[in-house]
Amino acid sequence: MSLACWGSYLNLEDIIADEVRFPVRFEVPVFKMGFIDPSNNDGDLKAGYKTELPYWLAKDLCNRRRNVVSVEKPSIFRTAFKEIMKADSRAMELSKFSPYYFEYGLRCSMFERIPDNGDIREALLDCFVGRFRSLMDTALNSVNCDIAAMTHGMANSEKYIFQFGQGTLNSFMRWQSGSKGKIEASKSLRKHLKRKRQQQASVAAAAAAAS
């Protein structure tokens, strides 16, 4: 899983996250493109027309080279919402707003023309840090629990962290109970030792033949 702003071309999660939608306003008329908004009954998009576009399209229509649309900040990243998050981020069910909440915010921060957009990354970091301790405490101290219920309000990236913590807990418990088995050398190390023994045997055979 990747949280890179531009995503990974081969990462399915990044591809899906690029579908998050942004409210936009068309600054110039666009002809024969009315079909991109199912609610539009006109074949054209007039200047001033408002709709929502996925990130992958909005970012190409609103940048330093093009100003076809202006992008507005989604409501879940506006000042009032951020104040609520700051009060107690642990109580928020991020999945209700977007399963890709953090990826959504990172993509939003890439639009330089959105007013007061510079503090989104800081707000995302505060939110993540505020929730991380509780997230890991839950993951490392939950045995035989309803995982679906415990992760219900988490964003997808948090669910990955929770699953990692659960995997670590299960591995520790298997080791502690002795069911993990004895510690063995890694496969690459065994191959290395095998080649070394073969080389030593070859050297010994050559020395014996020479004598």
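Once rounded to the nearest 0.5 Å, the distance linking CZ of R25 with NZ of K50 reads 6.5 Å. Between atom CE of residue M33 and atom CG of residue D44 there is a gap of 10.5 Å, rounded to the nearest 0.5 Å. For the atom pair L57 CG and R21 CZ, the distance stands at 9.0 Å (nearest 0.5 Å). Note that CG of L135 and CE of M150 are 9.5 Å apart. Values are rounded to the nearest 0.5 Å. For the atom pair CD (Q166) and CG (N141), the distance works out to 10.0 Å, reported to the nearest 0.5 Å. Considering CG of N67 and CZ of F26, their distance stands at 12.0 Å, rounded to 0.5 Å.
Looking at R131 and L94, their side chains come closer than 4.5 Å, going by heavy atoms from C-beta outward. For the pair K59/N63, no side-chain contact is recorded, criterion being any heavy-atom separation below 4.5 Å from C-beta on. Residues F77 and L124 have side chains in contact (heavy-atom distance under 4.5 Å, counting atoms from C-beta outward). Contact check for E103 versus S157: side-chain heavy atoms found under the 4.5 Å cut-off. A heavy-atom distance below 4.5 Å is found between the side chains of D37 and Y49. L53 has its side chain within reach of L61: a pair of non-hydrogen atoms, C-beta onward, lies under 4.5 Å apart. In this structure, R121 and M110 have side chains that are in contact, with non-hydrogen atoms separated by less than 4.5 Å. Put simply, the side chain of M136 reaches to within 4.5 Å of the side chain of I161, judged on heavy atoms.
Closest of all the heavy-atom pairs between P23 and E52 is CA-CG, 4.0 Å. In this structure, G105 and I120 approach most closely via the heavy-atom pair O-CG2, 3.4 Å. The two residues M154 and F162 come nearest to each other via the heavy atoms CE-CD1, 3.8 Å. Across all their heavy atoms, V24 and A58 have their closest contact at CG1-CB, 4.4 Å. Contact detail for K73 and D119: the closest heavy-atom pair is NZ-OD1, 4.4 Å. Here the closest non-hydrogen pair linking P74 and C108 is CD-SG, 3.6 Å.
Aromatic ring centres of F128 and Y101: separated by at least 6.0 Å. Between F97 and Y104, the gap from one ring centroid to the other reaches at least 6.0 Å. The distance between the ring centers of Y55 and F111 falls below 6.0 angstrom.
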> Can you check side chain to side chain donor-acceptor pair (under 3.5 Å) on Y100 and E19, steps first, answer last?
Replying inline: CA-CA 10 Å; Y100 296 95; E19 290 291 333; over 6 Å; no
>> I'd like to know whether E72 forms a side-chain contact (heavy atoms from CB on, under 4.5 Å) with R78, so could you lay out the CA-CA distance, the side-chain angles of the two residues, the decisive distance to 0.1 Å, and finally the verdict.
In response: CA-CA 10 Å; E72 300 177 7; R78 292 175 185 167; 4.2 Å; yes
>> Pair V69, E27 - check side-chain contact (heavy atoms from CB on, under 4.5 Å), show working.
In response: CA-CA 5 Å; V69 301; E27 299 298 330; 5.7 Å; no
> Going through the checks in order, is the side-chain contact (heavy atoms from CB on, under 4.5 Å) test met by D18 and D14?
Replying inline: CA-CA 6 Å; D18 275 348; D14 284 328; 5.6 Å; no
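In this structure, D146 places its CG atom where more than 12 heavy-atom neighbours from other residues, nucleotides or ligands lie under 6.0 Å away.
Linking Ile, Leu, Val, Met, Phe, Trp and Tyr residues whenever their side-chain heavy atoms come within less than 4.5 Å places F22 and I36 in a single cluster. Linking ILVMFWY residues whenever their side-chain heavy atoms come closer than 4.5 Å, directly or via other members, places W56 and V20 in the same cluster. In the hydrophobic clustering of this structure, W175 does not group with F164; members are Ile, Leu, Val, Met, Phe, Trp, Tyr whose side-chain heavy atoms approach within less than 4.5 Å, directly or through other members. In the hydrophobic clustering of ILVMFWY residues, with side-chain heavy atoms under 4.5 Å counting as a link, F35 and L45 come out together.
Without hydrogens or angle criteria, E158 side chain to A155 main chain gives a donor-acceptor distance under 3.5 Å.
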